[in-house]
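Note that the coordinates shown come from a computational prediction; the quantities given were computed from them, not determined experimentally. Chain naming here is simple, since letters A, B, ... match the order of the sequence lines and numbering starts at 1 in each.
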Amino acid sequence: MLPKAARLRSRADFSATTRGRRAARGALVVHLKVTGEGRPARAGFVVSKAVGGAVVRNRVKRRLRHLVAERIGAWEPGTDIVVRALPLAAGRDHTGLGADLDGALASARQPRKHGRERPK
RNA sequence: CGAGCAGGCCAGGCGGCCGCGGCGCCGCUUCGGCGGCGUCGAGGAACGUCCGGGCUCCACAGGGCAGGGUGGUUGUUAACGGCAACCCGGGGUGACCCGCGGGAAAGUGCCACAGAGAACAGACCGCCGCGGCUCGCGAGAGCGCGCGGUAAGGGUGAAACGGUGGUGUAAGAGACCACCAGCGUCCCGGGUGACCGGGACGGCUCGGUAAACCCCACCCGGAGCAAGGUCAAGAGGGACCUUCGGGUCCUGCGCGGAUGUUCGAGGGCGGCCCGCCCGAGUCCGCGGGUAGACCGCACGAGCCCAUCGGCGACGGUGGGCCCAGAUGGAUGGCCGUCACCCGGGGCAACGCGGUGACGCGCUCCGGGGACAGAACCCGGCGUAUCGGCCUGCUCGUCCA
RNA sequence: CGGGACGUGGCGCAGCUUGGUAGCGCACCCGCUUUGGGAGCGGGGGGUCGCAGGUUCAAAUCCUGUCGUCCCGA
């Protein structure tokens, strides 16, 4: 799992990260912000009451923490992410959540294109 | 063997890889932490928050009136609205189960519709007597008739002012009698008690509803671990120093308005009134600051075993054990395997039964494993829960 | 942690205080009106009163438990 130092633990950290880039995939929404500071990367999780009861919420959180822990070493220092779980995440298994997380991260890392591509 | 009743228990096991939090020891450290080893790490409901207590702070001067809760008895307990045993009423063939189970002759209210009449009741039909009229020779019969008697019968209703049989009567009626049911008073016996059993007498019968108001008995200070405490930080103001960035010390939000200081604001004594006490601030608006750490906080009405008392809830004694403490919130993630349950396929092999189809064990495949996450602690209650196990008991059927 | 409100046809609400008939608006169906539609007029259908138990002759209403939703204070 993630040690304490690698987790976002205050309201201020969460707000700062949430104002960064955002991407959604499947049951997850990921906020990403590269601060450029020299400390290790950190992650935070938001699982609201809409996802389920305490048992379901804890299970989702624990799975996400493990998934992030497997990936966090590869990120550049100073990166903060916030992973928010949608109600769909309650029925998602480990593999499914991993796919959602990777997809959302890849999408968030891509530089945002200005304007939308209009369909022909 | 089949139905069923009651009580209790479990909450998958093992292994691999990768992790998280607390505590202890050791080592390193730039004093922020890091590493290693050891050890501990969710529940029977941790849940809902329906009760009761511990603990902490506030208050303690009482009186009256309101308010809330409980409601068979006796126990049990720190306490309870819990639990145990028993009593009463109801249900079941039975084991057993269910009951907010005080008072309706203290008072008030309500009882729709139907029905003649619904609470110190009521003559619609019927029944009976007298009178009237009609018919008939007459005995008598009849009536959309009048006056009176009558609560036995009909019908309505949840409920119609005791039941059955007789005496009696014009017809009837507890008007009277016998038995039965119920009520009240007294006596005897049993029980700590609720109450039970028996007897005598009485008037003969007095509806339901208090989960309607109410009456009676008993109980009840207010808040809540964001309780409460220690420390740090802080905006503004003042003084001093200054290299004009700031630093040190003291005090500790600033501004405006209302009201008040023995002619007393405001607060406290759970609410109101009286009374008493403390007493110089209190309230409103605008603007600003803080949002940290530690203690409380894990030895407790604690758990396990034995034994004694008690029908039991429970209590006494002795021995052993230390058993979660997070704070964007740890106690896990992934995989394998073995047992368990469900569904489907197969007899190719083995075992049992059957002539056999096949069934069971077996084997192959697929699926399932619930309800649910500590947040100051404890005792209960209530609710959710895939399934499995144990003990005692009841009824039915068959065999000996 | 403490306190409060609500649940009634498809939707939004009354009725609960003082227990006996569940009502209103929109929507739906049928008819009239119109060339047709809308509007209007007339008629009609539709409700386990969140769930379970209890009190009562009788419960949407009273009591207890339970489920869900929402709000307020610290």
Side-chain angles (χ1 to χ4, degrees):
Chain A
M1 295 250 287
L2 282 173
K4 224 184 239 180
R7 296 207 300 269
L8 297 178
R9 301 184 60 190
S10 75
R11 175 95 193 132
D13 290 339
F14 270 81
S15 317
T17 309
T18 309
R19 274 194 290 273
R21 202 167 281 155
R22 185 185 69 200
R25 185 76 85 245
L28 301 178
V29 177
V30 170
H31 299 268
L32 180 123
K33 189 180 179 71
V34 183
T35 61
E37 296 169 27
R39 48 162 181 73
R42 299 183 303 177
F45 305 93
V46 177
V47 183
S48 84
K49 203 160 70 178
V51 175
V55 174
V56 174
R57 291 203 306 274
N58 282 339
R59 182 165 55 233
V60 169
K61 244 187 281 184
R62 285 194 299 257
R63 279 181 176 151
L64 288 173
R65 276 204 296 267
H66 278 90
L67 288 165
V68 167
E70 291 162 5
R71 294 160 171 77
I72 200 166
W75 300 345
E76 57 201 290
T79 305
D80 284 348
I81 74 163
V82 166
V83 182
R84 205 167 65 216
L86 302 176
L88 203 67
R92 208 80 160 160
D93 65 2
H94 188 255
T95 328
L97 282 176
D100 288 346
L101 180 63
D102 288 334
L105 275 172
S107 172
R109 284 189 179 284
Q110 271 188 350
R112 178 152 194 159
K113 291 179 187 136
H114 289 277
R116 284 170 184 248
E117 292 187 24
R118 294 178 180 280
K120 285 170 275 206

For nucleotides 370-373 of chain B, list the nitrogen or oxygen atoms of the protein found under 3.5 Å from its nitrogen or oxygen atoms, one pair per line.
from: B/G373; atom 1: O6; to: A/R62; atom 2: NH2; distance (Å): 3.4

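We find that CZ of A/F14 is positioned 17 Å from C1' of B/A291, with the value rounded to whole Å. Going from atom CZ of A/R63 over to atom P of B/U331 covers 13 Å, rounded to whole Å. Between the CZ atom of A/R65 and the C1' atom of B/A330 there is a distance of 8 Å, rounded to whole Å. B/C18 atom P lies 18 Å from atom CZ of A/R71, rounded to whole Å. Note: CG (A/L67) to C1' (B/C18) measures 13 Å, nearest angstrom. Remark: C1' of B/C334 and CG of A/L101 are 16 Å apart, rounded to the nearest angstrom. Atom CD of A/E70 is separated from atom P of B/G332 by 18 Å (rounded to the nearest Å). Spacing between atom NZ of A/K61 and atom C1' of B/U327 amounts to 12 Å, rounded to whole angstrom units.
For B/G174, the glycosidic angle deviates from 0 by 90° or less, giving a syn base. In this entry the base of B/C323 is syn relative to its sugar, with a glycosidic angle within 90° of 0. An anti orientation is assigned to B/G99, its glycosidic angle lying beyond 90° of 0. Because its glycosidic torsion is within 90° of 0, B/G245 is reported here as syn. With its glycosidic angle within 90° of 0, B/A42 adopts the syn conformation.
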request  = Dot-bracket notation for RNA chain C is requested: 5' to 3', Watson-Crick or G-U wobble pairs only, both distances under 3.5 Å, with ( ), [ ], | and . as defined.
outcome  = (((((((..((((......[..)))).(((((.......))))).....(((((..]....)))))))))))).
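A/L86 and A/V51 fall into different hydrophobic clusters, defined by Ile, Leu, Val, Met, Phe, Trp and Tyr side-chain heavy atoms under 4.5 Å apart, directly or through other members. Under a hydrophobic-cluster definition in which Ile, Leu, Val, Met, Phe, Trp and Tyr are linked whenever side-chain heavy atoms come within less than 4.5 Å, directly or via other members, A/W75 and A/V34 are assigned to the same cluster.
The gap from the P atom of B/C219 to that of B/U205 amounts to 42 Å, rounded to the nearest Å. Nucleotides B/A235 and B/U251 have their C1' atoms positioned 14 Å apart, rounded to a whole Å. If you take atom C1' in B/A372 and the same atom in B/U331, they sit 16 Å apart, rounded to whole Å.
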Let me have the donor-acceptor pairs involving side chains of residues 98-106 of chain A, under 3.5 Å, with sequence neighbours excluded, atom names and distances please.
from: A/D100; atom 1: OD1; to: A/R92; atom 2: NH2; distance (Å): 3.1
from: A/D100; atom 1: OD2; to: A/A27; atom 2: N; distance (Å): 3.1
from: A/D100; atom 1: OD2; to: A/R92; atom 2: NE; distance (Å): 2.9
from: A/D100; atom 1: OD2; to: A/R92; atom 2: NH2; distance (Å): 3.2
from: A/D102; atom 1: OD1; to: A/R71; atom 2: NE; distance (Å): 2.6
from: A/D102; atom 1: OD1; to: A/R71; atom 2: NH2; distance (Å): 3.4
from: A/D102; atom 1: OD2; to: A/R71; atom 2: NH2; distance (Å): 3.0

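Using a 4.0 Å cut-off, no side-chain N or O of A/R7 falls inside it from OP1 or OP2 of B/A330.
Using a 4.5 Å heavy-atom cutoff, the side chains of A/V83 and A/L67 are not in contact.
Under the Watson-Crick or G-U wobble criterion, with both distances below 3.5 Å, B/C255 is paired with B/G285. Pairing of B/G332, defined by two Watson-Crick or G-U wobble distances under 3.5 Å, is identified with B/C18. In this structure, B/C249 and B/G238 make a Watson-Crick or G-U wobble pair, each of the two defining distances being under 3.5 angstrom.
Under the side-chain contact (heavy atoms from CB on, under 4.5 Å) criterion, A/L8 pairs with A/D13, A/F14, A/T17, A/R42, A/D80, A/V82, not counting sequence neighbours. Partners of A/R25 under the side chain to side chain donor-acceptor pair (under 3.5 Å) rule, at least two apart in sequence or in another chain, do not exist in this structure.
Distance check, rounded to the nearest 0.5 Å: CZ of A/R84 to CG of A/L64 gives 13.0 Å.
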